[in-house]
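Notes follow the structure.
Order of the sequence lines sets the chain letters (A, B, ...), proteins ahead of strands, with each chain counted from 1.
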Amino acid sequence: MPEALTRLRACAPMVVALVLAALTLRLAPRGALLPDWLPFALAGLALAWPALRPAGVTRDDTLPALAVLLSSVGLAVVARLQPELAQKQIVWLGFSLVLAVAAGPVFARFRVLAAYKYIWILGTIALFVALALFGQEVNGARLWIRLGPIQFEPVEVIKLLIVLFMASYLNDTADVIARTRPWSLRANAKYLGPLFLGWGVSMGILVFEHDLGMAVLLLATFVAMLYVATRRIDLVAGATGIFGLAAWWAATHYSYVERRIAVWRDPFHDPLGAGYQAVQSLFSLANGGLFGTGYAQGRPDYIPEVATDYVYAAFGEEWGAIGSIVLLLVFLTVVLRALRVAQRQPDLYAKLLATGLAAVFGFQIVIIIGGVLRLFPLTGITLPFISYGGSSLVTNFLLVALLWAISSERRTA
Amino acid sequence: MTDRAIARLAAIFVVLFALLALRQFWVQVVIGPKLAENQYNPRHSQIATGRGSILASNGTPLAVTRGEKRTYPQGALVAQAIGYASSRYGTSGLEDAFDRVLTAHTDAVDPLTQLRQIVAGTQGAPRGADVVTTLDLTIQSALVAGLSRHARAAGIVLDPRTGAVLALASIPSYDPNQLDARWTSLLKDPASPLLDRSTAGLYPPGSTFKIVTAADALDAGVVTPQSTFSDNGGLRIGNFTVHNDEEETTGTQDLAGAFALSSNVDFAQIALKIGVDTWFEYAAKWGLGQPVAFDLPVSRDRLPAKKDVYAGILAQLGFGQASLLVTPMRMALIGATVARDGTTPRPYLVRRIAGGETGVATRPETIAQPITAETAHEVRDLMVQVVKRGTGTAARLPGVTVAGKTGTATNPHGRSHAWFVAFAPAEAPRVVVAIVIENVGYGGTYAAPIARDVLRVALAQSRS
């Protein structure tokens with residue numbers, strides 16, 4: 001097949017996604033997505049994304065398409081909840097797409113990233129220090145850094161850096177660690193020591209930033225990558241166990257964590273105080289029922305922080321259990337396709353990197369949605385592509401752009 | 001090998017997402033309908049729309065819907081009992097207890113009729129029923145005016161003949177019209193303005209409880225009005241010593257004197273004569289510690305466990321201390337029981353529900369008879385002496401015989417709570433009052449004058 005034709009074919013999933021996105025965004029209230037030409041410009045950028053891939057390879061083009069589809073649903077939801085935030089969100093979306101398009105050719109050489117493992121970990125530590133020094137506390141957790149007019153959430157970047165570090169480090173040492181016997185203390189310490197830096201970061205987040213959600217997310221990703229690289233269950237159990245103890249300690253020593261657990265166990269104990277948000281989000285879901293109230297027909301505005309932590313409850317109210325389960329299926333498709341990318345790559349580094357990205361994306365969804373549905377205590381992290389938030393949107397587009405690059409396979413004629 | 005591990009991870013994600021989907025279905029579809037009915041759900045309380053009114057006995061509006069807004073024309077005057085209906089903070093008071101009655105329902109008619117109404121254009125906006133209370137705003141104003149001289153106080157006024165609540169107040173109060181704006185500060189206020197002290201407040205009854213001790217002793221026959229008692233300023237029971245408030249001694253007195261001068265030493269001895277078993281038998285007859293069926297929730301009184309009551313505790317129970325805690329509502333019911341020949345009326349606040357064509361009127365009921373009519377008359381005479389020559393002279397009214405009992409309840413939170421329980425006219429009681437003022441001192445000094453003012457107004461109202 002000639003190159004031009006394959007490029008055109010690569011755009012097919014994106015065209016479908018853009019049609020669905022257009023249908024979704026037509027629902028948005030008038031004036032929320034001004035100026036009028038902006039959505040068209042964004043659609044152009046989105047089309048350029050799969051079209052501008054390097055010659056001679058095929059990539060998994062459904063990944064960019066699903067990212068665009070999900071972000072359009074997110075934009076429609078935010079526009080309905082807080083129109084003034086939608087204005088900002090659409091700017092962030094444009095910025096994310098520009099980055100993604102630019103990253104298309106750049107990330108083609110993603111394997112060079114393997115060489116910079118200590119850059120990633122140093123970057124992580126630097127962001128931590130910055131957070132500790134300049135961070136702003138919101139609801140008991142220290143999550144934000146303000147740079148002039150822009151607020152940004154370093155943890156969103158940290159989650160990518162940790163995956164990059166883990167992939168590099170495990171790429172070098174996986175074989176040795178896999179062969180080391182669990183009881184050989186010295187060998188284990190030697191190879192696992194630096195690795196547990198990654199684990200230490202999640203502990204650090206837990207202890208210093210009081211951000212239980214991000215800590216659990218990083219730990220789950222760490223464990224998943226460690227398992228895939230070494231298949232050593234003892235390490236998985238050990239890391240989880242020690243973290244579990246730490247979490248228990250945090251739950252009994254930090255009133256912030258303690259409160260969240262109390263609210264999870266019985267939100268109706270203090271329905272107008274501590275449990276207010278949780279109770280209102282449950283009412284929102286209950287009001288939606290099977291089919292939902294319909295777009296902009298529900299009253300999710302009773303929920304505080306609805307555009308960020310509880311966006312999924314608002315979605316559930318208006319799109320119903322059916323709409324929410326469809327959304328879950330779309331998310332799951334992204335995760336499974338990303339893991340398939342990992343399986344189809346020949347080298348361990350690419351496998352580990354794709355696995356890590358899939359895991360960090362998948363676990364984030366499970367943690368926040370499980371929290372909103374009260375399967376476990378709610379921890380304030382964003383729902384990828386749906387929640388309002390610039391840092392989250394940019395990071396997730398970069399994540400998908402990287403996965404898309406990893407999915408490259410030499411085109412066989 | 002690595003690929004197998006990746007496949008396992010994929011399987012884990014499939015399981016996790018399946019769990020989320022099941023949970024989604026559970027929350028939204030299975031338990032959703034019940035969850036949506038919860039009183040804190042602001043949706044079903046698009047609350048003000050079509051909501052019925054709450055009215056005073058004479059029809060004066062206490063809570064009405066104007067347009068989409070619920071307003072309370074009397075403001076802080078009857079705040080806690082009427083309660084609030086806020087789309088943010090749910091409901092309380094009568095707004096909560098009668099929510100179903102007040103709420104506008106559309107499902108009252110069958111679908112076919114409804115369709116016909118829509119076609120014919122005769123379908124009016126649905127409207128809830130009105131709730132007509134027994135409250136008399138003149139008495140309520142007198143009660144609130146009296147109580148408002150103090151920081152924290154409660155009072156309740158009953159018609160003993162029926163059990164109708166003529167007024168009930170809790171100080172500090174709040175303006176329900178400002179609820180949404182002031183919510184946080186109301187919740188944080190250490191004086192708990194949202195709390196209805198008259199039905200939910202639990203206090204040691206102090207010497208007002210001597211009404212019960214005297215009634216039990218007379219009814220059981222362990223004392224007679226002619227019995228004499230001697231008070232030398234103290235009574236030692238085991239390692240516990242009973243003494244009077246100012247360490248005064250009342251000397252040798254008959255029952256009326258001991259009651260009028262409120263001797264703790266004498267009533268400790270009377271309680272010991274009654275004995276633990278009989279004391280608890282009578283407590284059950286009075287309904288102490290049992291729920292009160294009222295239109296608003298009433299806190300249960302706290303009694304000590306029978307096994308913990310040894311002589312020293314029983315002696316203190318005789319003058320309403322130890323671990324005994326009661327509501328002002330309970331003391332009003334005790335007063336009403338003495339006032340009406342030993343039977344206890346069921347208290348009620350809602351006189352009538354005026355819904356569309358049908359209305360439901362409350363019928364007065366008797367819920368208990370702890371003592372005989374004869375005992376009740378003897379206790380009434382004791383209470384008359386209190387106001388005539390004892391600790392309650394501040395409650396005297398010209399031309400009316402007032403029966404009353406003071407209480408000065410020691411408590412761990414500061415100065416004593418001042419109590420007064422009274423009814424009038426003693427010969428044919430029409431009004432019962434129970435007043436408690438937190439942490440001010442003597443009942444005869446602080447509570448009795450307020451009771452007198454309220455009785456004067458209430459008697460004038462019930463004559464007209």
Item to check | chain B contact via A:V366 - side chain, backbone, both or neither, heavy atoms under 4.5 Å | outcome: both
Item to check | Side-chain touch A:Y312/B:Q24, heavy atoms, less than 4.5 angstrom | outcome: yes
Next on the checklist: Between A:F363 and chain B, with a heavy-atom cut-off of 4.5 Å, which part of the residue counts as in contact: side chain, backbone, both or neither?
Outcome noted: both
Checklist entry - If you count heavy-atom pairs under 4.5 Å between each of A:G370, A:G288, A:A342, A:G316 and chain B, which one has the most? => result A:G316
Next on the checklist: Using only non-hydrogen atoms and a strict under-4.5 angstrom cutoff, which residues of residues 280-287 of chain A touch chain B?
Outcome noted: A:Q280, A:L282, A:F283, A:S284, A:L285, A:A286, A:N287
Checklist entry - Quick one: are B:F13 and A:L332 in side-chain contact, heavy atoms under 4.5 Å? => result yes
Checklist outcome for this item: Highest number of heavy-atom pairs under 4.5 Å with chain B among A:A354, A:A224, A:G320 belongs to A:G320
Checklist entry - CZ of A:R111: more than 12 outside heavy atoms within 6.0 angstrom? => result yes
Checklist entry - Taking every heavy-atom pair that is under 4.5 Å apart, which of A:L373, A:L339, A:L375 has the most such pairs with chain B? => result A:L373
Item to check | Partner of B:F17 by side chain to side chain contact (heavy atoms under 4.5 Å, CB included), out of A:L328, A:L336, A:I325 | outcome: A:L328
Checklist entry - Under a 4.5 Å heavy-atom cut-off, does chain A meet the side chain of B:R8, its backbone, both or neither? => result side chain
Checklist entry - Does any heavy atom of chain B fall under 4.5 Å from the side chain of A:Y276, the backbone, both, or neither of them? => result side chain
Checklist entry - What part of A:R374 is in contact with chain B, defined as an atom under 4.5 angstrom from a non-hydrogen atom: side chain, backbone, both or neither? => result both
Checklist entry - Can you say whether A:L348 sits under 4.5 Å from chain B via the side chain, the backbone, both, or neither, judging by heavy atoms? => result side chain
Checklist entry - Looking at CD1 of A:I369 and CG of B:L16, how far apart are the two atoms once the value is rounded to the nearest 0.5 Å? => result 11.5 Å
Checklist outcome for this item: Most heavy-atom pairs under 4.5 Å with chain B, out of A:T230, A:V228, A:I322, A:L329, belong to A:V228
Checklist entry - Where does B:W26 contact chain A at under 4.5 Å (heavy atoms): side chain, backbone, both or neither? => result neither
Item to check | N-O pairing of B:D3 and A:R344 below 4.0 Å | outcome: no
Next on the checklist: What's the separation between atom CD1 in B:I6 and atom CZ in A:R340, rounded to the nearest 0.5 Å?
Outcome noted: 12.5 Å
Checklist entry - By a 4.5 Å heavy-atom criterion (distance strictly below it), what part of B:V14 contacts chain A: side chain, backbone, both, or neither? => result both
